Amino acid sequence: MSRRSEVLLWGAQRISAMVLALCVVVHLVTMIYAVRSGLSAAEILGRTQGSVAWFAFYTLFVAAVAVHAPIGLRTIIGEMCNWRGRGLDVLTGIIGLSLAMWGMRAVFAVFGGGA
Amino acid sequence: MENLKVRIWRGAEEGGFQEFEVPRQESQTVLDVVTYVQRKCDPTLAYRFACRVGVCGSCAMTVNGQSRWTCRTHVSKVAADNRLEIAPLRNLPVVKDLVTDMREFFDKWARARGRFTGSKTRKDEFERVSPESKERKRVDAGIECIGCGVCYSACDVVTWNKDYLGPAALNRAWTLVNDVRDTARAERLAAVAGDAGCHACHTHLNCTERCPKGLSPTAGIAGLKRAVLAATLSGEI
């Protein structure tokens, strides 16, 4: 990978880390609120489905995960397994796409559609 | 005072520890101990030193598992139970006993463009650099490096990635990036970018923890990361 791409990957990981820090806090607070209020799964889905704001928030969350995690994994695998190069780039790219796909599947399930 | 029980690495990459008894003395340094062993116990022991006062940076070794300069490390500070284990620096090939081959360490300074590149001649006026300027203060924070290799030995990223330039070379590059007289900023930023450069640093802070001069290569590397990203986004490199 070119020097420019390496630097841009580093930048993308730092920016996605900032986004994740915010998203994780919002997510945890929301989860704790939902659990402590004793909401059932049906009640939670009733509130979430059709919500454009929550759909946008969790889409951002999934995007940040899909960017952040593969870049970090690429570094860890490179250092721990001494494996670098195109093969590793392809593998981590597939991991990123998979995370994005599974994450968006969950987002559509919880926030997509109407009540 | 009790005798010190000292285990010293003998051999090269392959080898083992040899044990010596060394009389304990007041204000004794680890370098004093090694010198005693060579002069009184085994003259074939190889080690490197020069100034003995913390200036030349040639006597660094691994003492009880940690990289240190030995001439200014008092035995009382590191051998509470009167035991010392002295080995060569990590992350460098061992030539013999406590002597490492420092070539890759200094070659990486060259790869990081660690040489000043100016535009003026001896006929020009001196450049005026205010001691209060932001750049000069950044240079001051990193300029006292003595090239001892302690940070390089303590760095886990060097262990994991043999191409990684290491804390000392990157610290040197950072001082030059902030030298307003230097004319090779873009080439230097390009040289320290990427997987084997500043972006490989995980901010473990081992270098900062162990630097005998109290410098923080980690801070300089963080500065390089930001400077390289900015230069990449602006198209400077």
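Per chain, numbering begins at 1; letters A, B, ... match sequence-line order. Here the structure is a predicted model, which means the values were calculated and not measured.
- A donor atom on one side chain and an acceptor atom on the other are found under 3.5 Å apart for A:Ser2 and A:Ser5.
- Of the inter-residue distances, the one linking A:Leu22 atom CG with A:Met18 atom CE reads 12.0 Å to the nearest 0.5 angstrom.
- A donor atom on one side chain and an acceptor atom on the other are not found under 3.5 Å apart for B:Gln18 and B:Arg7.
- Close approach to chain A, defined as a heavy atom under 4.5 Å from one of its heavy atoms, is seen in B:Leu229, B:Thr232, B:Leu233, B:Ile237 of residues 229-237 of chain B, taken by number.
- The cationic group of B:Arg10 does not satisfy the cation-pi geometry with B:Phe17, failing either the under 6.0 Å distance to the six-membered ring centre or the 45° limit from the ring axis.
- Shown here are the salt bridge (charged side-chain N to carboxylate O under 4.0 Å, His left out) partners of B:Glu132, two or more places apart in sequence or in another chain: B:Lys137.
- Interface remark: A:Met80 contributes side-chain atoms only to the contact with chain B (heavy atom separation under 4.5 Å).
- If you take OG1 on B:Thr117 and CD on B:Glu187, they are separated by 7.5 Å, rounding to the nearest 0.5 Å.
- Closest non-hydrogen pair, B:Ala193 versus A:Val7, comes out as CB-CG2, 3.8 Å.
- Not less than 6.0 angstrom separates the ring centroid of A:Phe57 from the ring centroid of A:His27.
- Two residues are said to be in side-chain contact when any heavy atoms from C-beta on lie closer than 4.5 Å; B:Arg188 and B:Val177 meet this criterion.
- For the pair B:Val129 and B:Ser133, the tightest heavy-atom approach, listed with the atom from each and the gap, is CG1-OG, 4.2 Å.
- Counting heavy atoms of neighbouring residues, nucleotides and ligands inside a 6.0 Å radius, atom NZ of B:Lys77 does not exceed 12 of them.
- Using a 30° and 60° split on the angle between ring planes, A:Trp54 and A:Phe111 fall in the parallel class, below 30°.
- With a 4.5 Å cut-off on side-chain heavy atoms, B:Ile86 and B:Thr62 do not count as touching.
- Among the residues in residues 148-168 of chain B, those with a non-hydrogen atom closer than 4.5 angstrom to a non-hydrogen atom of chain A are B:Val157, B:Trp160, B:Asn161.
- Considering A:Trp102, A:Phe55, A:Tyr58 in turn, A:Phe55 is the only one that fulfils the ring pair (Phe, Tyr, Trp, His ring centres under 6.0 Å) rule with A:Phe108.
- Both the backbone and the side chain of B:Ala190 come within contact range of chain A, each with at least one heavy atom under 4.5 Å from a heavy atom of that chain.
- Counting heavy-atom pairs under 4.5 Å between each of A:Met1, A:Arg3, A:Glu6 and chain B puts A:Arg3 at the top.
- Below 4.5 Å, heavy atoms of chain A meet heavy atoms from B:His199, B:Ala200, B:His202, all part of residues 198-208 of chain B.
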